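One structure is given here, and the rest of the page talks about it.
Computed from a predicted model, the values in this text were never measured in an experiment. In this chain, residues are counted from 1 in sequence order. The figures that follow rest on heavy atoms only: side chains count, while hydrogens, waters and symmetry mates do not.
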Amino acid sequence: NVYVIDDEPKIRRGLVHFIAHEKPNWPQPKSAATAEKALQDPDFWETDLMFLDIQLPAMSGLELLSLIRDKGSRMQVVIISGYAEFSFAQQALRLQVFEYLLKPIDIEKVSLILNSVQNEALQKQREMRVKETVRQNLHKIREKYFASVLFGTESAEPEQCTRHLRELEMQDSPF
């Protein structure tokens, strides 16, 4: 889910149109002209990638970013700004932005960002599937480990056993 927050209608509509064209299989990007309008949108907290202008009326983009980080959101944020001031960039880095783009926006960089975020999401999905498979088979994995220790095919050294028990989520096991 992509959200574009910029008070300049031309930039906001242009980014939404480009993203929808570039990634037609993704949900339609959402947009808002102000941070307040975005916060009123129930879909806002489902955002995976946000393009955020720094200079917004009332609440600045950096204030919004600070708010969402304080609430624990890990959404990827791309700052879009007409200001190349180092202090803005520093603050954005502290708030863990994904990228910092200067206006006028280089559309090729936006394309690279979209692809990078998509690749990261696919990698996370793969990792989650592996974790789920391990979780579903943890009992069998534990049995196999214990059998290999009992039959001498696995080292019974205390340090290695401790490490394996930790990996198998059994560090408090009487084994």
Side-chain angles (χ1 to χ4, degrees), residues 1-136 138 166-167 169:
N1 295 323
V2 180
Y3 216 104
V4 177
I5 305 174
D6 196 308
D7 59 334
E8 294 180 51
K10 186 177 179 182
I11 291 175
R12 188 174 62 250
R13 285 191 304 262
L15 265 174
V16 166
H17 177 75
F18 178 78
I19 294 165
H21 176 73
E22 190 80 2
K23 298 294 181 186
N25 296 331
W26 289 13
Q28 177 68 27
K30 304 272 186 159
S31 68
T34 66
E36 292 81 4
K37 288 227 192 259
L39 288 170
Q40 292 170 0
D41 182 348
D43 293 332
F44 175 74
W45 293 103
E46 301 302 317
T47 300
D48 299 302
L49 174 64
M50 178 171 50
F51 289 85
L52 178 63
D53 188 12
I54 286 183
Q55 296 291 57
L56 295 169
M59 179 187 288
S60 77
L62 291 176
E63 289 171 321
L64 175 62
L65 180 54
S66 181
L67 174 80
I68 64 171
R69 291 297 186 239
D70 287 347
K71 291 195 181 271
S73 174
R74 304 285 9 123
M75 70 176 74
Q76 300 284 10
V77 178
V78 176
I79 294 292
I80 48 179
S81 176
Y83 301 93
E85 293 180 30
F86 185 65
S87 63
F88 284 148
Q90 266 186 317
Q91 191 173 357
L93 287 173
R94 276 195 304 276
L95 294 169
Q96 301 168 334
V97 297
F98 187 74
E99 187 67 64
Y100 193 102
L101 297 177
L102 291 175
K103 294 178 184 177
I105 298 170
D106 181 346
I107 216 70
E108 288 180 23
K109 284 186 180 178
V110 173
S111 185
L112 290 172
I113 289 167
L114 296 175
N115 290 331
S116 178
V117 167
Q118 184 174 15
N119 291 339
E120 249 184 57
L122 290 172
Q123 179 64 27
K124 284 180 185 175
Q125 285 176 347
R126 282 191 290 272
E127 289 171 8
M128 293 300 289
R129 280 195 301 270
V130 166
K131 285 181 182 178
E132 181 58 21
T133 301
V134 168
R135 189 192 65 72
Q136 289 174 351
L138 194 53
R166 191 171 39 251
E167 290 169 354
E169 300 174 4

Show the nearest heavy-atom pair for residues [X] and [Y], with the distance to one decimal.
X	Y	value
A33	P57	O-CD, 4.3 Å
A35	L56	N-CD1, 4.1 Å
A32	R12	O-CD, 3.2 Å
W26	L114	CH2-O, 3.6 Å

- Query: V16 versus Q28: any side-chain heavy-atom pair under 4.5 Å?
  - Reply: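 Result yes, sub-4.5 Å side-chain heavy-atom pair found.
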- Message: Between I19 and V4, is there a side-chain heavy-atom distance shorter than 4.5 Å?
- Response: yes
- Query: Has the side chain of S66 got a donor or acceptor atom that lies under 3.5 Å from a matching backbone atom of L62?
  - Reply: no
- Please check if the side chain of R69 supplies one atom and the backbone of Q96 the other of a donor-acceptor pair under 3.5 Å. yes
For the [atom1] atom of [X] and the [atom2] atom of [Y], what is their distance to the nearest 0.5 Å?
X	Y	atom1	atom2	result
E8	Q55	CD	CD	10.5 Å
S81	L101	OG	CG	10.0 Å
L15	I105	CG	CD1	4.5 Å
L39	I5	CG	CD1	7.0 Å
H17	S31	NE2	OG	13.5 Å
E127	L122	CD	CG	11.5 Å

- Set of side-chain hydrogen bond (donor to acceptor under 3.5 Å, both in side chains) partners for E120, sequence neighbours left out: Q76
- Item | Partners passing side-chain hydrogen bond (donor to acceptor under 3.5 Å, both in side chains) against Q136 (at least two apart in sequence or in another chain) | E132
- Message: With no hydrogens and no angle check, just 3.5 Å: does a side-chain donor-acceptor pair link E36 and Q40?
- Response: no
- Query: Can you list the steps and then say if I80 with E99 is a side chain to side chain contact (heavy atoms under 4.5 Å, CB included)?
  - Reply: CA-CA 9 Å; I80 48 179; E99 187 67 64; over 6 Å; no
- Item | Residue pair V78, V110: steps toward the side chain to side chain contact (heavy atoms under 4.5 Å, CB included) verdict | CA-CA 9 Å; V78 176; V110 173; over 6 Å; no
- Would K103 and D53 pass as an ion pair if we require N to O under 4.0 Å? yes
- Item | Heavy-atom neighbours of E108 CD exceed 12 at 6.0 Å | no
- Please test L95 against V77 for side chain to side chain contact (heavy atoms under 4.5 Å, CB included), starting from the C-alpha separation and ending with a verdict. CA-CA 9 Å; L95 294 169; V77 178; over 6 Å; no
- Task: Test side chain to side chain contact (heavy atoms under 4.5 Å, CB included) on S111 and I107 and set out the steps.
- Result: CA-CA 6 Å; S111 185; I107 216 70; over 6 Å; no
Could you list the donor-acceptor pairs under 3.5 angstrom formed between side-chain atoms of residues 41-52 and any protein atom two or more places apart in sequence or on another chain?
from : atom 1 : to  : atom 2 : distance (Å)
D41  : OD1    : D43 : N      : 2.8
D41  : OD2    : Y3  : OH     : 2.8
D43  : OD2    : K30 : NZ     : 2.6
T47  : OG1    : F44 : O      : 2.6
D48  : OD2    : N1  : N      : 2.7

